[in-house]
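A short worksheet on the structure shown next.
No experiment lies behind these values; they were computed from the predicted model shown. Quick note: residue numbers are just sequence positions, from 1. Atoms within each ligand, like the ligands themselves, are counted from 1 in listed order.
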Amino acid sequence: MPYFSEKFGNAASRNHSYGWDADNAVKKARKTIASAIGGTAREIVFTSGATEANNIALKGIAEMYASRGNHIITVKTEHPAILDTTARLERDGIKVTYLSVGQDGLVDPDEVAKAITDKTIMVSIMMVNNEIGVIQPLEEIGKITRERGVLFHSDATQGFGKVAIDADRMNLDLISFSGHKIYGPKGVGGLYVRRKNPRVRCAPLIDGGGHERGMRSGTLNVPAIVGFGRAIEIALDEMESENARLTVLHNKLKNVIMGGIEEIYLNGHAERRIPGNLNISFAYVEGESLLMELSDIALSSGSACTSSTLDASHVLAGLGVDDELAHSSIRFGLGRFTTEEEIDFVGAKVITSVARLRELSPLYEMAKEGIDLKSVSWTEH
Ligand SMILES: *Cc1c(COP(=O)(O)O)cnc(C)c1O
C-alpha cells in the first residue's frame, strides 16, 4: 500500500532517495520472484502479465533468432495467449507445429523429439494446464531441447507458486508467469530470460527507455511489483502445506461427485496434476444449465478467458472429448480460501442439480431405455 502514495518514486530515478526506495523495493521483489523458479534477479523481466510475457517470448524469439530458423513447436491445449500469438506468427511466415496430447492431457516427450527439425528455434509447452490442471513432463522435454540446441519456453502461469520450478533442472530458457493467479495484483507478471548457458535475447515488443535489459521498456509499476513479490513469498512459504490441504479437499470433492452420479468423466490425468483444479464432464447435462443451477457457486465451464464464446473447449477437444460431452463439462477451482464446508456444500449441490437436470432431459431418458443416441437420425427428410 505505501508504494501507491508515500513511496511514490520512480524505480528508474537514480539520483534521489525516492527513486532508491522504489528501486530497492523492486529489487527485493525481483529476487524473491527469481528464487521461485531457480533463476537470478537479473533474469526477470517485468511485464503486464503472462499474456504479455508469452507474446515477448514467442514474437521476441522468432524475431531475434530468425537467422537460425523459422520453426516453433507448441501444443494444441495451450492457453490462448500462446495459440493466438503463434497464429499471428504463422501469418508472418513462421512455421508452427501443434503437438497433440494423449487422452490424459499429457504431451509425449518422444513426439517433441520427432517434431524438432534443423529449422526449429524454440519449443513452448505450458507447465500446468489451466482448464484441466495436468502437469506436463517438462524435465524430460528439457533434456531433449537442450541436447538438440533448441530454446525451451514454458507458460508456467498455473504452476508458478504451486509446483516446484527449477529453470536449470528443467533446462528452461524462458518462463512466463503472472501475479493475479497467486493472489497478487492483476496487471503484473513477468518473463524469466536465461542469461547464461545459453545467453538468451528477445527482441522487444515495446521500444523506449531500455528498461528491463531492453526487453520491455516503460516505467515499472512499482506497487504492483511489490505486491507480486509479497504474493509469491507467501505462496512459496505455504506451498507444501497448501498442496497437502488442497489434495485432501480435491479428493473429497472428486470422490463425493464421482461416487454420487453415474456417467460422469474426470478430464485430465488423475495423478499428474495440481490439486487446485477438478474438471468433470456430466453426460446428458448442458454445462451452461448446470452453471445456472449452481449460480451461487463461482464456477466455469472452461477457461475464464474464453467463456464468452460458445465454442467447445479446445483443451477438451484435444483430449478427444466429443463436442457434446465437452459442453457438459465444469471446471472446479480450489484455492487458499476454500474450506471443507464449502467442498461439502458444492459436492451435495452438484449431485442434486445434475439429478434434477437429468430428470428433465429426454436424452437421458432415451439413454436409460437403452437407445444408442449416436444411432438416432434427428433430422426429418
Ligand atoms: C491466466 C493465464 C494466462 C494469462 O495471464 P494474464 O496475466 O492474465 O495475462 C496465460 N497462461 C495461462 C496458462 C493462464 O492460466
Side-chain angles (χ1 to χ4, degrees), residues 29 33 36-37 44-60 74-88 98-99 101 105-107 123-136 138 152-163 165 170 172 174-192 205-206 212 216 218 220-221 224-225 227-229 231-232 235 267-268 272-279 298-309 313-316 318-319 331-336:
I33 290 163
I37 52 179
I44 303 299
V45 174
F46 283 117
T47 66
S48 63
T51 301
E52 188 190 338
N54 285 341
N55 270 266
I56 298 176
L58 292 165
K59 293 172 183 167
T74 186
V75 181
K76 286 180 181 161
T77 53
E78 293 283 321
H79 188 276
I82 293 289
L83 296 177
D84 288 354
T85 307
T86 53
R88 175 178 293 264
Y98 298 92
L99 298 173
V101 294
L106 297 176
V107 176
V123 171
S124 176
I125 298 180
M126 72 198 323
M127 186 165 291
V128 174
N129 187 277
N130 52 303
E131 288 190 38
I132 56 173
V134 299
I135 304 171
Q136 296 293 358
L138 296 193
F152 189 21
H153 166 247
S154 182
D155 174 355
T157 312
Q158 294 283 342
F160 187 65
K162 301 187 176 105
V163 300
I165 304 175
M170 295 170 163
L172 282 165
L174 301 113
I175 307 174
S176 303
F177 40 83
S178 179
H180 71 102
K181 301 287 172 68
I182 56 161
Y183 308 93
K186 297 170 189 69
V188 65
L191 180 68
Y192 160 86
L205 302 181
I206 298 175
E212 303 300 274
R216 208 281 192 172
L220 292 179
N221 183 351
I225 289 169
F228 185 19
I232 191 64
N267 293 311
R272 274 200 66 105
R273 60 160 50 256
I274 54 161
N277 169 289
L278 179 64
N279 189 314
L299 289 168
S300 159
S301 55
S303 142
C305 308
T306 51
S307 57
S308 56
T309 72
S313 153
H314 73 283
V315 173
L316 297 181
L319 308 189
R331 183 176 61 132
F332 299 88
L334 293 75
R336 186 178 292 160

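Residue-to-ligand polar distances place Gln158 within reach of ligand 1: an N/O pair is separated by less than 3.5 Å. Looking at ligand 1, you'll find an N or O of Ala50 within less than 3.5 Å of one of its N or O atoms. Where the criterion is an N or O separation shorter than 3.5 Å, residue side chain and backbone included, His180 meets it with respect to ligand 1. In terms of polar-atom proximity, Ser178 is counted as a contact of ligand 1, with an N or O under 3.5 Å from an N or O of the ligand. For ligand 1, the polar-atom distance check against Asn54 finds no nitrogen or oxygen pair separated by under 3.5 Å.
Counting only heavy atoms from C-beta outward, the side chains of Met127 and Val163 approach each other to under 4.5 Å.
For the 3.5 Å distance criterion, the side chains of Ser176 and His153 qualify, holding a donor opposite an acceptor. Glu78 and Ser124 share no donor-acceptor pair across their side chains, judged by distance under 3.5 Å alone.
When each of Ile56, Leu58, Thr51 is paired with Thr85, the side chain to side chain contact (heavy atoms under 4.5 Å, CB included) condition holds for Leu58 and for no other.
Residue Thr51 touches ligand 1 through backbone and side chain together, judged by heavy-atom distances below 4.0 Å. Residue contacts with ligand 1 for Lys186 are absent, since no atom lies close enough (heavy atoms, distance under 4.0 Å).
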Practice task
In sequence, state the C-alpha distance, the side-chain angles, and the governing distance for Ile182 and Phe177, and then conclude on side-chain contact (heavy atoms from CB on, under 4.5 Å).
Solution key: CA-CA 10 Å; Ile182 56 161; Phe177 40 83; over 6 Å; no
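The salt bridge (Lys or Arg N to Asp or Glu O under 4.0 Å) check on Arg336 picks up Glu238, with sequence neighbours excluded.
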